[in-house]
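In each ligand, atom 1 is the first atom listed, and ligand 1 is the first ligand listed.
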Amino acid sequence: LKAVILIGGPLKGTRFRPLSLDVPKPLFPVAGLPMIQHHIEACAKVPNLSEVLIIGSYSANDLRQFVEEMTNTYGLSIRYLQEFTPLGTAGGMYHFRDQIRAGAPKYFFVMNGDVCADFPLQEMVEFHKSKDALLTIMATEATRQQSINYGCLVLGKDGEVAHYVEKPSTVVSTLINCGVYIASPDIFQTMADVFYAAQQHENFMQLNGNGKDPAHIALEQDILTRLAGTGRLFALPVTNWWSQVKTAGSAIYANRHYLSLYRLKQSERLAPAPDGPCHIIGDVHIHPSATIHPTAVLGPNVSIGSNAVIGAGVRIFESIVLANAQIQAHTIVLHSIMGRNSKVGEWARVEGTPCDPNPDKPFAKMENPPLFNTNGKLNPSITILGTSVTLAAEKILLNSIVLPHKELTRNFKNEIIL
Ligand code: GDD
């Protein structure tokens with residue numbers, strides 16, 4: 001077995017700004033681990049999985065240290081393969097097909113780097129093996145309204161996919177594609193058919209590169225749509241927690257759910273409640289190098305990064321505090337992300353708006369609202385302090401997004417501070 005993680009490139013992930021300005025979005029820490037480390041960790045638990053290939057168009061330098069750390073941590077072969085131009089969700093795999101097929105794996109997983117889940121990988125192997133499938137899709141139920149933002153599946157008998165429609169303009173089905181797949185290497189033949197058809201079309205029409213670039217292949221529109229109804233495409237509907245991370249607000253949601261998975265499966269990663277290094281409520285992850293004042297109150301659903309400093313009487317709730325951030329005494333941080341090296345003075349208040357429509361429903365999908373509404377106003381959002389932002393003592397920052405390196409000395413509400 002092998003796994004491919006698709007991470008896109010620097011031109012994608014724009015809704016994740018400013019958090020993706022100085023670190024690639026796939027490396028943004030959720031529940032204390034870079035987002036795609038959760039994928040790698042899930043892969044490392046699958047017996048006989050020999051290699052993880054990360055495919056994207058970020059510069060190899062951006063990923064080098066991460067890949068080294070992951071190789072050492074999990075003892076797996078982990079490599080980054082760089083597309084020099086974005087080739088689409090299947091184009092990169094087709095381009096690097098020889099690397100994926102090397103060692104003759106029987107199957108390989110394909111995982112979108114921007115999803116978070118309790119990945120049911122072993123279950124997918126068993127299901128896929130039991131069918132004569134080219135590809136099996138992990139699927140989950142969404143509401144009618146949410147479904148049109150995803151790939152929608154209509155099932156036939158025994159889990160066969162009868163129809164596949166990517167982001168339909170009207171409701172087709174509430175069963176959606178989770179962006180996690182297991183494929184048999186024969187899938188490369190279907191990709192080759194798509195590639196040669198596009199190339200012939202280009203030659204026949206004499207488009208001279210003005211048509212579709214044959215090397216750009218979309219797994220969803222070019223492959224899944226074509227395979228639906230052939231009896232070779234299957235879906236495994238699951239109820240495991242799953243969500244997409246497109247906006248910073250959805251990172252808070254993913255943080256909460258990865259923390260609750262730690263509670264179930266790896267409780268040593270959580271600070272002991274209620275008497276950890278300070279008063280702890282619910283699920284809280286604290287990096288061992290962080291300094292926490294014993295009178296601070298943290299939780300629920302908080303992650304504190306390396307070398308962060310949390311002062312006396314500080315209250316933090318539903319938030320992510322990144323490495324080296326300093327939060328001084330008696331400050332409140334709610335529904336917010338504090339960027340690396342950010343600094344908040346004493347008695348300040350940093351507060352966002354919860355973007356989760358239904359916090360009590362454990363499997364509710366996270367909404368990823370656009371940054372602006374149709375009147376050009378900032379949609380309710382969590383508050384984000386970019387890298388190295390400082391907020392003066394006693395100031396209030398509500399529902400705002402602050403770009404890196406700003407020094408704020410007054411109150412702000414509902415603003416993007418450029
Ligand atoms: N290597 C590479 N090259 N990766 C890419 C490229 C590319 O050219 N384009 C996108 N990706 C990666 C993204 O970084 C992301 O992790 C994943 O592929 C999906 O990317 P999107 O193109 O943004 O699709 P989406 O997230 O809107 O929808 C996809 O995921 C949904 C589940 O989260 C589709 O697969 C939907 O059907 C699905 O429901």
Side-chain angles (χ1 to χ4, degrees), residues 3-16 20 24-28 34-36 38-39 52-60 62-63 79-97 99-100 109-117 119 135-143 146-154 161 163-168 172-181 183 191 212-213 215-225 227-228 233 235 237-238 240-247 250-251 253-254 365-368 370:
V4 170
I5 305 177
L6 299 172
I7 61 168
L11 300 178
K12 292 217 107 193
T14 46
R15 280 185 284 167
F16 209 66
S20 51
K25 175 181 155 187
L27 301 189
F28 181 81
M35 218 185 290
I36 58 168
H38 293 279
H39 297 58
V52 176
L53 298 168
I54 302 170
I55 303 185
S57 50
Y58 289 95
S59 135
D62 291 347
L63 273 289
R79 290 188 297 136
Y80 176 58
L81 305 175
Q82 185 185 352
E83 293 163 15
F84 287 89
T85 182
L87 293 175
T89 41
M93 286 193 279
Y94 184 63
H95 182 75
F96 292 114
R97 60 195 177 280
Q99 312 249 13
I100 300 173
F109 295 107
V110 180
M111 307 169 88
N112 287 359
D114 64 354
V115 299
C116 287
F119 297 106
L135 188 137
T136 298
I137 306 172
M138 171 186 168
T140 191
E141 279 293 330
T143 63
Q146 287 166 337
S147 67
I148 56 174
N149 298 318
Y150 299 93
C152 294
L153 313 168
V154 178
V161 178
H163 297 288
Y164 182 92
V165 193
E166 181 65 17
K167 303 190 182 99
V172 168
S173 159
T174 52
L175 188 67
I176 61 162
N177 170 6
C178 293
V180 179
Y181 317 88
M191 293 184 193
K212 173 184 178 298
D213 175 359
H216 187 283
I217 307 173
L219 180 62
E220 300 82 354
Q221 291 90 339
D222 294 330
I223 309 292
L224 303 184
T225 310
L227 285 178
L233 181 67
V238 297
N240 301 36
W241 162 64
W242 170 88
S243 102
Q244 229 188 9
V245 181
K246 292 291 184 192
T247 61
S250 49
Y253 179 79
K365 307 287 167 304
M366 175 62 209
E367 300 292 350
N368 286 294

| task | Just do the side chain to side chain contact (heavy atoms under 4.5 Å, CB included) check on H163 and V172 with the steps written out, would you? | result | CA-CA 9 Å; H163 297 288; V172 168; 5.7 Å; no
| task | Using the side chain to side chain contact (heavy atoms under 4.5 Å, CB included) rule, take V245 and F28 through it: C-alpha gap first, then chi angles, then the decisive distance, then the call. | result | CA-CA 10 Å; V245 181; F28 181 81; over 6 Å; no
| Candidate pair L63 and I7, rule side chain to side chain contact (heavy atoms under 4.5 Å, CB included), full reasoning | CA-CA 11 Å; L63 273 289; I7 61 168; 4.2 Å; yes
| query | side chain to side chain contact (heavy atoms under 4.5 Å, CB included) between K25 and K246: does it pass, once the steps are laid out? | reply | CA-CA 9 Å; K25 175 181 155 187; K246 292 291 184 192; 4.3 Å; yes
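Heavy atoms of H216 found under 4.0 angstrom from ligand 1: none, in either backbone or side chain. Counting heavy atoms closer than 4.0 Å to ligand 1, residue P26 contributes nothing at all. At a heavy-atom cutoff of 4.0 Å, ligand 1 is contacted by the side chain of Y181 but not by its backbone. Under 4.0 Å from ligand 1, the heavy atoms of V115 that appear belong solely to its side chain. Residue contacts with ligand 1, taken as heavy atom pairs separated by less than 4.0 Å, do not involve F96 at all.
Geometrically, ligand 1 and G151 share a nitrogen or oxygen pair separated by less than 3.5 Å. Polar contact check, T89 against ligand 1: no nitrogen or oxygen pair lies under 3.5 Å apart. Considering backbone and side-chain atoms alike, K246 places an N or O below 3.5 Å from some N or O of ligand 1. Ligand 1 has no N or O atom lying under 3.5 Å from any N or O atom of G179, backbone or side chain. Between P86 and ligand 1, no N or O atom pair is found at a separation short of 3.5 Å.
In this structure, G92 has no heavy atom closer than 4.0 Å to ligand 1. Ligand 1 has K167 within reach: a non-hydrogen atom of the residue lies less than 4.0 Å from it.
Close approach of ligand 1 to W242 is summarised as follows: ligand atoms under 4.0 Å from at least one heavy atom of the residue are 32 (C), 33 (O). For ligand 1, the atoms sitting less than 4.0 Å from at least one non-hydrogen atom of G56 are 1 (N), numbered in the order shown with element in parentheses. Ligand-side atoms of ligand 1 in range of C178: 32 (C), range being under 4.0 angstrom from any heavy atom. Within the listing of ligand 1, atoms 37 (O) sit less than 4.0 angstrom from a heavy atom of Y164. The contact set between ligand 1 and G113, taken as ligand atoms under 4.0 Å from a residue heavy atom, comprises 16 (O). Within the listing of ligand 1, atoms 39 (O) sit less than 4.0 angstrom from a heavy atom of Y150. Ligand-side atoms of ligand 1 in range of N112: 16 (O), 17 (C), 19 (C), 29 (C), 30 (O), 35 (O), range being under 4.0 angstrom from any heavy atom.
Put simply, the side chain of S173 gets close to the backbone of L153: a donor and an acceptor are under 3.5 Å apart.
Here the shortest heavy-atom pairing between G113 and I5 reads CA-CG2, 4.0 Å. Annotation for G151 and Y164: closest pair CA-OH, 3.4 Å, computed over non-hydrogen atoms.
In this structure, a donor-acceptor pair under 3.5 Å is present between the side chains of T89 and E220. A donor and an acceptor atom, one from each side chain of Y80 and Q82, are nowhere located under 3.5 Å apart. Side-chain contact, E141 with T174: a donor N or O sits under 3.5 Å from an acceptor N or O.
The residue among I7, L87, V165 with a heavy atom at the shortest distance from atom 14 (O) of ligand 1 is I7.
Ring-plane geometry between F119 and H39 is classed as tilted, the angle between the planes lying from 30 to 60 degrees on a 0 to 90 degree scale.
For R97, the side-chain contact (heavy atoms from CB on, under 4.5 Å) partners are Y94, R101, F188, not counting sequence neighbours.
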